[in-house]
2 protein chains.
Amino acid sequence: MATRLDELPGRRCSIAGALDVVGDRWALLIVREVSLGAHRFSEILRGTGAPRERLTARLNALVGAGVLERREYSQNPPRADYHLTRSGLDLLPVLQALMQWGDRHVADTPPVELHHHGHRIAASWVCDVCGERIGRETERHVPDHSEPGHGPLPR
Amino acid sequence: MATRLDELPGRRCSIAGALDVVGDRWALLIVREVSLGAHRFSEILRGTGAPRERLTARLNALVGAGVLERREYSQNPPRADYHLTRSGLDLLPVLQALMQWGDRHVADTPPVELHHHGHRIAASWVCDVCGERIGRETERHVPDHSEPGHGPLPR
DNA sequence: ACTGGTTGGTTCGATATTCGAACCGGGTGC
DNA sequence: GCACCCGGTTCGAATATCGAACCAACCAGT
């Protein structure tokens, strides 16, 4: 895991930064499990299906990245569980977006449902500024880093 | 890449399905590049910073998964470029969510900005059903698969 | 006291993935 | 002819990931 954005290859971009923290096979599944109430090692293990050693490594990395918080709830024997930090909670929209995409383009049936107010959620991105739905027409504005000092696209 | 959701380890879930398609180090960066207008191999190569052979493999996989479409624009010499399919376009909210998280929790400065109607986007998830913003209070409804036949949490 | 089970890991050796760098073949510009 | 671009392949080395076994500490039952 690179600690700084500009240590990553390719375009300097916070998507790359996010993926560097959370873009491996298990990280988001771990966040999903913890958000569903699986706080203990064995619960997360079962929920994700990750190998034990991978789980240990990813849990430590996520704690180090500030996504999870490790709480020792017993010292003898040493026992800990894991909780989402603020940063981890802020990942839930990513999960929601992935789930929506998976529901539409991968899954046979959506097995985990998100509810609020008693109905199933179907969500859209809405711009806070103008209140409009964000769709394909979004203009992507890529700042031109051709002036020296920004080093955007390492060749 | 598993073709069926139930070949994946852990909880049966479309998030896992989505990550199986798009959850590796380069896939979402490739989608980002294509969405930014980088359609040719060399452009995507430079934009992502991926090794050439990885890029070839991921492009093929994404085409196979229906996220990208490969268009031959010349036969002699053989030249192709890559475009987002409907499925690929539907991934943009995932990128948006990741970017927002990266901006807040990883990046120093957000270098790529999304605009529409001339202003920078700040987005929220809004439920299509009731129009309310989706926040942390969302209730997660995990269907109980304890009855036989669903096999939810392989032990 | 002995047995078996649970919990949160670590260790191991085998296998799979990923890497950068070099190469390639067709085509174009000079 | 010669260099260079383009979209890849090929290579061997390095790294990550895997499942399975092991472990230390504790607890509950007998």
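Note that these values count all heavy atoms, side chains included, but never hydrogens, waters or copies made by symmetry. Each chain gets a letter, A, B and so on, in the order its sequence line appears, and its residues count up from 1.
Between the C1' atom of D:dG8 and the CG atom of B:Leu55 lies a distance of 10 Å, rounded to the nearest Å. Distance NE2 (B:His39) to C1' (D:dC6): 17 Å, rounded to an integer number of Å. As rounded to whole Å, 15 Å separates atom C1' of D:dG7 from atom CZ of B:Arg46. Rounded to an integer number of Å, the gap from A:Asp20 CG to C:dT18 C1' is 15 Å. To the nearest angstrom, P of D:dC5 lies 14 Å from CG of B:Leu45.
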Inset, instruction - Scan nucleotides 5-12 of chain C nucleotide by nucleotide, 5' to 3', and note B when protein non-hydrogen atoms come under 4.0 Å of the base, S if they reach only the sugar-phosphate, - if neither. - result: --BBBBB-
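Residue pairs meeting the ring pair (Phe, Tyr, Trp, His ring centres under 6.0 Å) criterion with at least one partner in residues 42-76 of chain B, sequence neighbours excluded, are absent. Applying the ring pair (Phe, Tyr, Trp, His ring centres under 6.0 Å) test to residues at least two apart or on different chains, the pairs with a partner in residues 28-69 of chain A are A:His39-A:His83.
Here the side chains of A:Ile44 and A:Arg40 are not in contact, with every heavy-atom distance at 4.5 Å or above. Contact of the B:Glu43 side chain with the B:Glu33 side chain is not registered, since no non-hydrogen atoms from C-beta on lie closer than 4.5 Å.
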Inset, instruction - Please test B:Leu19 against A:Leu98 for side chain to side chain contact (heavy atoms under 4.5 Å, CB included), starting from the C-alpha separation and ending with a verdict. - result: CA-CA 8 Å; B:Leu19 288 174; A:Leu98 272 171; 3.7 Å; yes
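Applying the 4.0 Å criterion to OP1 and OP2 of D:dA16, one finds that A:Trp26 has every side-chain N and O outside that range. For A:Arg58, no side-chain nitrogen or oxygen approaches OP1 or OP2 of D:dA16 to under 4.0 Å.
Every residue meeting the side-chain contact (heavy atoms from CB on, under 4.5 Å) condition with A:Arg58, not counting sequence neighbours, appears here in chain and number order: A:Asp24, A:Trp26, A:Ala27, A:Ile30, A:Ala61. Take A:Arg70 and apply the side-chain hydrogen bond (donor to acceptor under 3.5 Å, both in side chains) test, not counting sequence neighbours, and it matches A:Tyr82.
For the helix from C:dA1-D:dT30 to C:dC30-D:dG1, the angle separating the two terminal helix axes comes to 10°, with each axis derived from five pairs and the value rounded to 10°.
Salt bridge annotation for A:Arg79-A:Glu72: absent, with no cationic side-chain nitrogen under 4.0 angstrom from a carboxylate oxygen.
None of B:Thr85, B:Asp90, B:Leu89 except one satisfies the side-chain contact (heavy atoms from CB on, under 4.5 Å) rule with B:Ser87; the exception is B:Thr85.
Residue A:Arg54 has its side chain nearest to D:dT17 when only C:dT18, D:dT17, D:dG19 are considered.
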